Amino acid sequence: MPEKVHTHFGDSDGESSKQAPKPISDAVPAEDGAWKKRRSKKRKRDEPADNSQPRNGEPIQAPKPSPVVEPVTQEPKPDTKPDDTPQPPPNKTQVAKHKNNFKPKSFSDTKTNFAPLREKANALYELRKKLPIFGHADEIRQKLREQDVMLLVGETGSGKSTQIPQFLVNEFWCRPTPAQIPKEDGSTRSASVGGCIAITQPRRVAAITLARRVAEEMGTPLGSSSPASKVGYSVRFDTSVSPSTRVKFLTEGMLLQEMLHDPWLTKYSAVVVDEVHERGINVDLTVGFLRNLVSGKKEGRGGVPLKVVVMSATADMESLMGFFQEGFKIQEEEQKHLSNGNSGEKKETVKEITACHIKGRQFPVKTIYSPAPVHDFVDAALKVIFQIHYKEPMPGDILVFLTGQETVEALEQLVNEYATGMDPSLPRILVLPLFAALPQAAQQRVFQPAPPRTRKVILATNIAETSVTVSGVRYVVDCGKAKVKQFRTRLGLDSLLVKPISKSAAIQRKGRAGREAAGQCFRLYTEKDYLTLDETNTPEILRCDLSQALLNMKARGVDDIVRFPFLTRPPREALEKALLQLLNIDALQDSGKISDVGLQIAKLPLTPTLGRVLLAAAENGADCLIDVIDIISCLSVENIFLNTTSEEKKEAAETARRDLFRREGDHLTMLATVRAYASENADRKAWAERHLVSHRAMQSVMDVRKQLRSQCRQAKLLPRDDGRDHTSDPAPVLILQSFLCGFGNNTARLVPDGSYRTVVGNQIVAIHPSSVLYGKKVEAIMYNEFVFTNRSYARGVSAVQMDWVGEALAG
DNA sequence: GAGCACTGC
């Protein structure tokens with residue numbers, strides 16, 4: 001019997017609310033967790049026929065003009081006479097010389113006429129002047145003339161990501177500088193150092209969007225569209241730069257990759273590290289290497305300084321300050337040590353790290369806590385959604401943060417159910433789910449404006465916290481939880497668990513309500529609970545398998561891992577485990593130095609284990625390698641098989657996929673799928689739809705495959721001109737044995753009670769239901785992933801023989 | 001009987 005539900009949400013800010021909350025619809029569920037019982041009638045969500053989706057699974061992008069143009073509330077300040085006005089267009093003769101195959105992008109029509117670009121830039125300049133950061137331009141320039149390291153806290157909406165590079169690009173220190181660089185034999189060579197600014201981003205879309213925006217603001221074409229382009233970007237599978245590039249946006253991974261070849265970053269005068277607060281493992285490595293660079297002697301740069309700007313949205317700058325100061329202190333002590341006894345020498349001025357805090361432009365967001373602890377946040381969210389809908393004026397969409405697909409779909413169904421019983425005089429409700437596994441076209445619906453008299457209710461996972469901005473949101477409902485992946489060193493297994501978020505994540509979620517107007521954030525937890533949350537997110541470096549990070553460091557000559565400047569030092573146990581794993585796959589010599597195998601693996605865009613598999617396959621011949629590359633490509637993208645959620649489709653899917661399934665397991669099934677997809681020359685998209693295979697995922701697979709093949713050709717693991725179609729039958733035994741070279745530890749054998757137990761550690765493990773071997777009993781299995789969700793699952797599973805496992809483990 | 005979010009010459 002549905003009870004009458006009253007709004008429990010008090011107003012925590014002490015501001016008196018205008019009126020007492022009204023009771024909301026009678027039609028709100030009574031029992032806790034009622035949604036859990038409704039899961040049986042899930043509706044289908046298969047990849048729709050749509051040709052407009054971007055290629056290679058590029059994350060969704062809101063169709064908004066730019067990531068930085070914020071609503072303007074203040075009067076423009078008097079003109080500050082900046083010296084970074086848009087550049088005059090480069091002369092036409094220069095452009096005309098390069099007539100051949102520049103990828104025409106959005107600037108194709110302006111290849112020889114930059115006037116429109118300039119006009120646009122001039123118009124944008126008016127907007128730039130109003131950004132909160134704009135008034136700080138001179139201060140920032142001045143500080144960086146004197147110091148090499150700057151920490152910059154810029155709240156959301158401050159404009160830091162687009163403006164900082166433009167403030168700096170015309171500084172005197174930002175020009176290419178002739179330098180003498182010592183060679184190994186003691187002589188020197190002349191080279192030019194600097195001239196470019198790099199700005200790192202954690203995500204690909206962000207790097208590309210920002211580059212596009214800054215190019216517009218600077219009145220220059222983007223990337224490779226013209227040789228005169230001053231702004232470019234570089235992300236995996238897509239690099240767009242020109243000989244004149246001065247400002248380059250890149251992903252952190254890309255900068256790390258560049259550092260493998262150019263450890264002194266000689267192209268750059270400055271590196272701007274953006275979004276440090278997100279603390280992905282790549283950003284930790286980046287700042288570690290950068291600290292070594294700025295506090296060292298810079299011999300590889302011929303002494304030319306590198307400016308480093310570290311930017312964050314949260315004010316936790318103290319640890320970063322200490323981090324860079326420690327680097328300078330160590331350097332100073334070393335110098336003191338060297339010049340010992342020479343006390344008359346003038347002491348160099350102590351280097352300082354400057355800091356700058358820029359207020360953001362956000363509208364106020366009122367926080368409303370739950371007065372009592374919430375047991376079922378799906379149920380609580382349902383009530384709050386209708387409370388908002390009944391009480392609050394239009395317009396104003398609602399963004400609800402949930403933990404995963406399951407809770408999103410459950411709440412979706414509930415909201416739709418109760419919305420049908422609503423008073424028809426009320427505005428309608430449009431429920432839109434949003435999570436990464438959702439097909440592109442369904443994700444795009446979130447960005448379309450709501451029909452008239454309709455309120456959008458977006459039910460999202462963490463994807464909406466950082467990766468995606470939805471406009472129109474004035475109300476945020478935050479369940480206070482998120483799924484977090486945690487690597488457990490001792491068990492060698494990943495867990496995906498629902499955990500409370502951090503304060504800074506809670507603030508981030510709340511901020512999503514104040515981007516366009518004043519908003520409200522309903523927290524489905526008490527204020528007391530909020531106060532007990534961690535300040536910041538746990539850095540990824542404490543939560544993941546470190547073997548790839550360590551191999552990266554070793555490949556850059558960091559032999560003593562313990563002395564590496566970690567922003568947060570991982571526990572010794574985790575480091576040791578990673579070292580052991582690298583030793584196991586022969587990536588390291590017994591001395592701890594990197595081996596030739598290790599060096600080869602480090603250059604591959606793969607985890608060390610997958611890299612090892614690739615090298616092992618190469619030893620089994622080119623045919624085997626070609627096949628293993630196909631499989632590895634599948635393993636390094638999202639699931640290639642679509643979920644078949646509806647009953648009718650399920651049977652059709654089984655039939656359609658039957659010719660792809662291989663009894664050897666998931667690996668050979670993936671191979672069959674890639675081969676069939678690749679040999680489909682007529683219409684791959686239709687083929688994918690027929691077989692319920694994700695076309696988006698397969699496009700990424702083809703990108704990775706192409707990249708890996710080309711790298712293997714370069715490394716002479718594959719013959720140069722292997723243009724011919726690969727048609728020989730696969731050799732399952734060789735393929736699986738190659739995989740065992742990397743995954744020998746990821747094996748389990750069937751025990752008499754019918755369950756599988758790991759060969760190393762004797763732990764119980766179940767085959768994941770997504771596997772073709774689900775429910776099958778074989779002598780032994782090898783798997784790519786060992787994950788704990790509700791129980792321990794092996795994912796990416798193939799049948800193997802125990803004697804192969806023995807051989808692989810014996811080395 | 002199941003899928004937080006990112007990323008890589």
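These numbers come from the heavy atoms of this one structure, side chains and all, not from hydrogens, waters or symmetry mates. Just so you know, these numbers come straight off a predicted model, no measurement behind them.
- Residue A:Ser467 places none of its side-chain N or O atoms closer than 4.0 Å to OP1 or OP2 of B:dA5.
- A:Arg236 has its CZ atom 5 Å from the P atom of B:dC9, to the nearest Å.
- Nucleotides of DNA chain B nearest to A:Leu604 and A:Leu496 differ in position, and the one nearer the 5' end is that of A:Leu496.
- At a threshold of 4.0 angstrom between heavy atoms, the contacts of A:Ala482 with the nucleic acid are absent.
- In this pair, A:Tyr793 and A:His768 present their aromatic rings perpendicular. The plane angle is above 60°, beyond the 30 to 60° band.
- When the P atom of B:dA2 is taken as reference, atom OH of A:Tyr774 falls 7 Å away, rounded to whole Å.
- Other residues, nucleotides and ligands place no more than 12 heavy atoms under 6.0 Å from the NZ atom of A:Lys603.
- Each of A:Gly253 and A:Val787 was assigned the nucleotide of DNA chain B with the nearest heavy atom; the assignment lying further toward the 5' end belongs to A:Val787.
- When distances run from any side-chain atom of A:Phe435 to the nucleotides B:dG1, B:dA5, B:dC9, the shortest one goes to B:dA5.
- The cationic atom of A:Arg556 (NZ for Lys, CZ for Arg) lies less than 6.0 Å from the six-membered ring centre of A:Phe289 and within 45° of the ring axis.
- If you take CD of A:Glu406 and C1' of B:dA2, they are 9 Å apart, rounded to a whole angstrom.
- In this structure, the separation between CZ on A:Phe435 and OG1 on A:Thr403 is 12.0 Å, given to the nearest 0.5 Å.
- Closest to the side chain of A:Met254, out of B:dC9, B:dG1, B:dC4, is B:dC9.
- A sub-4.0 Å separation between OP1 or OP2 of B:dG1 and a side-chain N or O of A:His768 is absent.
- Side-chain N/O atoms of A:Thr789 include one lying less than 4.0 angstrom from OP1 or OP2 on B:dG3.
- As rounded to whole Å, 14 Å separates atom C1' of B:dC6 from atom CD of A:Gln508.
- For the pair A:Arg488 and A:Phe788, the distance from NZ or CZ to the six-membered ring centre is under 6.0 Å and the angle to the ring normal is within 45 degrees.
- Atom CZ in A:Phe401 sits about 12 Å away from atom P in B:dA5, given to the nearest Å.
- For A:Arg204, taking side-chain heavy atoms from C-beta onward, the closest of the listed nucleotides B:dA5, B:dT7, B:dG1 is B:dT7.
- Among the nucleotides B:dA5, B:dC4, B:dA2, the one closest to any side-chain atom of A:Lys485 is B:dC4.
- Rounded to whole Å, atom P of B:dT7 lies 13 Å from atom CD of A:Glu275.
- Between the CD atom of A:Glu540 and the P atom of B:dC6 there is a distance of 13 Å, rounded to whole Å.
- Comparing B:dT7, B:dA5, B:dG1 by their closest approach to the side chain of A:Thr251 singles out B:dT7.
- In this structure, A:Gln707 reaches the sugar-phosphate backbone alone: every heavy-atom distance under 4.0 Å involves primed, P, OP1 or OP2 atoms, never a base.
- Between the CG atom of A:Asp494 and the P atom of B:dA5 there is a distance of 15 Å, rounded to whole Å.
- Within the 4.0 angstrom heavy-atom criterion, no nucleotide atom of any strand lies near A:Val498.
- Within the nucleic acid shown, A:Leu606 comes within 4.0 Å of at least one base atom, counting heavy atoms only.
- An OP1 or OP2 oxygen of B:dC9 is reached within less than 4.0 angstrom by no side-chain nitrogen or oxygen of A:Gln714.
- Enclosure of atom CZ in A:Arg757 by more than 12 non-hydrogen atoms of other residues, nucleotides or ligands within 6.0 angstrom is indicated.
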